[in-house]
Amino acid sequence: MPELPEVETVRRGLEPAMAGARLTAIDQRRPGLRFPFPERFAERLIGRRIEGLRRRAKYLIADLDGPELLVMHLGMSGSFRIERAKGPDVPALGAKPKNPSHDHVVLELSSGARVIYNDPRRFGFMQLIPRNGFSAHPLFKNIGIEPLCEAFDGAALARLFAGRMAPLKPVLLDQSLIAGLGNIYVCEALHRAGLSPRRPAASLVCKNGRPGERATSLARAIREVLEEAVAAGGSSLRDHRQADGALGYFQHCFRVYGRENEFCMRCGGKVRRITQSGRATFYCGGCQR
DNA sequence: AGTTGCACCTGGCTGC
DNA sequence: TGCAGCCAGGTGCAAC
């Protein structure tokens, strides 16, 4: 489900309830999700103050006042909602889950909020990792550049693409190169840049190693589509919602994703659906070269 | 080393 | 109405 814009939207929704609050109780309702929960998970969390909530790639990271960080990943179908347990200082509302039996973890906070993690497919997970040197941790050591950071531009793309003959689509999905892109936003960014998902990544690099116009255009398209999606509160496919229950609306802005056989709004060509690395790719055969 | 394909799960939709 | 089959936003690992 969630790509960078959805995770960032969740982060912003959770921050008011979580940042600065202390964990007062944990209800862990099953032994694990994609991976088993850490040993003594609740015990290691209770009493800790959450100093801040960050995002890296598609991970949410709660900075705790102890020696550990709480790392959360939403997988394909994970979502958080906030129910007010008590007290006047928690603004967020809650969206009723379709199936409360998929509420797997409940975090009670000193802010008065109750933060509930729901995940039907259980591809998400939660881990506790040492705060010191967390970027060397296996979860993070191979994560690529953040596409919304300043250093992300055509030159950065050219460095990543050099020598890679694989098609653009799977290369852009590779989290060890660029962090946070998923199937939707890769399709959308390639359409905006007018580039075929089948084009070899290295073809965007000039002989002298310079980025070239296509790489610059693609970097701009990636940044643009992600920024617009974050501003729209992400995309709401199936049951994905923001932490306060509101629906993101970027899905109404898709130009190719999920639009097989519809007309391209730029050139009038037909949107095609192909499979690359086992995943659906949507693109316009008319204007994506 | 770089890639591909599959496995992990449940639920929603389509077509018979 | 029921049911089989296919599809889904992600990622890690085995196999080529």
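Just so we're on the same page: letters track the sequence lines, and every chain starts at 1.
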Please tell me if [X] has a side-chain N or O lying less than 4.0 Å from either OP1 or OP2 of [N].
X: A:His102; N: B:dC9; answer: no
X: A:Lys58; N: C:dG9; answer: no
X: A:Asn99; N: B:dT10; answer: no
X: A:His73; N: C:dG10; answer: no
X: A:Arg273; N: C:dA8; answer: yes
X: A:Tyr257; N: C:dG9; answer: yes

Result block: side-chain N/O donor-acceptor pairs under 3.5 angstrom for residues 185-194 of chain A, not counting sequence neighbours:
from     : atom 1 : to       : atom 2 : distance (Å)
A:Tyr185 : OH     : A:Glu6   : OE2    : 2.6
A:Tyr185 : OH     : A:Ser235 : OG     : 2.6
A:Glu188 : OE1    : A:Arg255 : N      : 2.7
A:Glu188 : OE2    : A:Arg255 : N      : 3.2
A:Glu188 : OE2    : A:Val256 : N      : 3.0
A:Glu188 : OE2    : A:Tyr257 : N      : 2.8
A:Arg192 : NH1    : A:Glu224 : OE2    : 2.9
A:Arg192 : NH1    : A:Glu228 : OE1    : 3.3
A:Arg192 : NH1    : A:Glu228 : OE2    : 3.1
A:Arg192 : NH2    : A:Glu228 : OE1    : 3.0

Provide, to the nearest angstrom, the distance between the [atom1] atom belonging to [X] and the [atom2] atom belonging to [N].
X: A:Arg279; N: C:dG9; atom1: CZ; atom2: C1'; value: 7 Å
X: A:Gln251; N: C:dG9; atom1: CD; atom2: C1'; value: 12 Å
X: A:Tyr185; N: C:dG9; atom1: OH; atom2: C1'; value: 9 Å
X: A:Asp119; N: C:dA8; atom1: CG; atom2: P; value: 18 Å
X: A:Leu226; N: C:dG9; atom1: CG; atom2: C1'; value: 14 Å
X: A:Glu260; N: C:dA8; atom1: CD; atom2: C1'; value: 14 Å
X: A:Arg122; N: C:dG10; atom1: CZ; atom2: C1'; value: 16 Å
X: A:Asn183; N: C:dA8; atom1: CG; atom2: C1'; value: 10 Å

Which listed nucleotide ([options]) is nearest to the side chain of [X]?
X: A:Ile184; options: C:dG9, C:dG12, B:dT10; answer: C:dG9
X: A:Met76; options: B:dC9, C:dG12, C:dG10; answer: C:dG10
X: A:Pro120; options: B:dG11, C:dG12, C:dT11; answer: B:dG11

What residues join [X] in its hydrophobic cluster, counting side-chain heavy atom gaps under 4.5 Å, either direct or through other members?
X: A:Ile129; result: A:Phe35, A:Tyr59, A:Ile61, A:Leu69, A:Val71, A:Phe125, A:Phe134, A:Leu139, A:Phe140, A:Ile143
X: A:Met265; result: none
X: A:Val106; result: A:Ile116

Dot-bracket for DNA chain B, please, read 5' to 3', with Watson-Crick or G-U wobble pairs under 3.5 Å on both distances, ( ) within the strand, [ ] crossing, | other strand, . unpaired.
.|||||||.|||||||
Going by the salt bridge (Lys or Arg N to Asp or Glu O under 4.0 Å) test, which pairs reach into residues 18-28 of chain A, not counting sequence neighbours?
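Non-adjacent pairs meeting salt bridge (Lys or Arg N to Asp or Glu O under 4.0 Å): A:Arg22-A:Asp65, A:Asp27-A:Arg29.
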Distance-only check: which donor-acceptor pairs under 3.5 Å involve side-chain atoms of residues 145-160 of chain A, not counting sequence neighbours?
from     : atom 1 : to       : atom 2 : distance (Å)
A:Glu146 : OE1    : A:Arg55  : NH1    : 3.0
A:Glu146 : OE1    : A:Arg55  : NH2    : 3.2
A:Glu146 : OE2    : A:Arg56  : NH1    : 2.9
A:Glu146 : OE2    : A:Ala57  : N      : 2.6
A:Asp153 : OD1    : A:Ala155 : N      : 3.2
A:Asp153 : OD1    : A:Ala156 : N      : 2.9

Stepwise, does the side chain to side chain contact (heavy atoms under 4.5 Å, CB included) test hold for A:Phe250 with A:Val225?
CA-CA 10 Å; A:Phe250 192 76; A:Val225 74; 3.8 Å; yes
Can you name the atoms? Protein N/O to nucleotides 14-16 of chain C N/O, anything below 3.5 Å, with the distance.
none

Applying a 4.0 Å non-hydrogen cut-off, can you work out what A:Phe125 is touching in the nucleic acid: base, sugar-phosphate, or nothing?
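It contacts nothing in the nucleic acid.
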For a quick test of your reading: what N or O donor-acceptor pairs under 3.5 Å do the side chains of residues 203-210 of chain A make, sequence neighbours left out?
from     : atom 1 : to       : atom 2 : distance (Å)
A:Ser203 : OG     : A:Arg199 : NH1    : 3.0
A:Ser203 : OG     : A:Pro200 : O      : 2.6
A:Asn208 : OD1    : A:Arg210 : N      : 2.8

List the residues meeting salt bridge (Lys or Arg N to Asp or Glu O under 4.0 Å) with A:Arg214, not counting sequence neighbours, and say none if there are none.
none
Residue pair A:Arg81, A:Asp103: steps toward the salt bridge (Lys or Arg N to Asp or Glu O under 4.0 Å) verdict:
CA-CA 10 Å; A:Arg81 70 181 192 279; A:Asp103 288 349; 2.9 Å; yes
Distances for protein N/O vs nucleotides 2-8 of chain B N/O pairs under 3.5 angstrom?
from  : atom 1 : to       : atom 2 : distance (Å)
B:dT3 : OP1    : A:Ala166 : N      : 3.3

Side chains of A:Gln288 and A:Pro197: closer than 4.5 Å at any heavy-atom pair?
yes
Test item: A:Ile274 and A:Arg198 side chains (from C-beta on) under 4.5 Å apart, heavy atoms
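A side-chain contact exists here, since the closest heavy-atom pair is under 4.5 Å.
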A:Arg11: what forms a side-chain hydrogen bond (donor to acceptor under 3.5 Å, both in side chains) with it, not counting sequence neighbours?
A:Glu8, A:Glu15
How far does the C1' atom of C:dG9 sit from the matching atom of B:dT3, given to the nearest Å?
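One C1' to the other, the span is 22 Å.
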